[in-house]
Amino acid sequence: MSKYKLFLLRHGEGAWNKENRFCSWVDQKLSENGVTEAQDCGKLLKEQGYKFDIVFTSILSRSIQTAWLVLEAMGLEWVPVVKAWRLNERHYGSLIGLNRAEMALLHGEEKVKLWRRSYDITPPVIDESHPYYHEIYNDRRYTTCDVPIEKLPRAESLKEVLDRLLPYWDSTIVPEIRKERNVLISAHGNSCRALLKHLEGISDEDIASVTLPTGIPVLLELDENLRSVKPRQLLGDQAKIQAAIKKVEDQGKAKVKKM
Ligand SMILES: O=C(O)[C@@H](COP(=O)(O)O)OP(=O)(O)O
């Protein structure tokens, strides 16, 4: 029986989503389109009569900005926004900054699909020679985490995302849900996929075909044990949502650059 409702949201389109680059722990703001997506998401939730008592985000700007825009559109600016690195996007290691279509040309679409969607394959780690290494690990936000900077990930599989996210889910988010607070998690494609895998009991194989578009609220209905009891609902125009999912999937296709 459905006892609790929970919303997951992948942030609105970010600048590097648009450029088809692996963004991961690089802190990019929303694109103009991403701002509109987040505002539209808030309007839709308001129209449908939903309210939030607390919002959880990662410590990456695109998820925080999305939460703010959603709350503003709902007239709920006063609602607390709680941030944690444990909701950050998956750490894509040395793939960070690279263009997916170019990687598909170089390494093949299958390899890029494995990197992006397999459950337990960790991409190559980032090291100090990587152009974004210092930008990430010298960022003051990472001194605020519950683990020291040197222990923070250097690359993660989806499984490793779930391993670092679950303790936070259990200790901090679950108690709010059990208090019957209306919770929104504004996070990322892969941190939301990891949580979905856990809540819906999706197999290691089947999670590969779950793709989330930007700016679309995902409604989950959970039972007493916080397990999903109904198929997830992606709210909004279903044809547009399917097209947006296909667009994300196609980001990993090899495209020959026009001369
Ligand atoms: O890191 C990124 O570039 C994307 C996910 O990339 P894919 O797994 O879809 O390749 O994360 P998000 O935009 O949700 O923060």
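For the numbers below, each heavy atom of this structure counts, side chains included, while hydrogens, waters and symmetry mates do not. The first residue in the sequence is number 1, and the count goes up from there. Whatever order the structure lists ligands and atoms in, that order sets their numbers, starting from 1.
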By salt bridge (charged side-chain N to carboxylate O under 4.0 Å, His left out) - contacts of K43 (at least two apart): D40

Amino acids in close contact with ligand 1, where any non-hydrogen atom sits under 4.0 angstrom away: R10, H11, N17, R21, F22, C23, S24, R62, E89, Y92, R100, R116, R117, H188, G189, N190

Heavy-atom neighbours of Q238 CD exceed 12 at 6.0 Å: yes

Report, one line per pair, each donor and acceptor closer than 3.5 Å where one atom sits in a side chain of residues 77-85; sequence neighbours left out.
residue : atom : partner : partner atom : Å
W85     : NE1  : D146    : OD1          : 2.8

Candidate list P217, S191, C192, test side-chain contact (heavy atoms from CB on, under 4.5 Å), partner L8, passing option: C192

What side-chain donor-acceptor pairs closer than 3.5 Å can you find for residues 240-248, not counting sequence neighbours?
residue : atom : partner : partner atom : Å
K246    : NZ   : D250    : OD2          : 2.6

Steps toward ring-ring contact (aromatic ring centres under 6.0 Å, His included) verdict (Y142, W25): CA-CA 11 Å; Y142 292 112; W25 283 34; 5.0 Å; yes

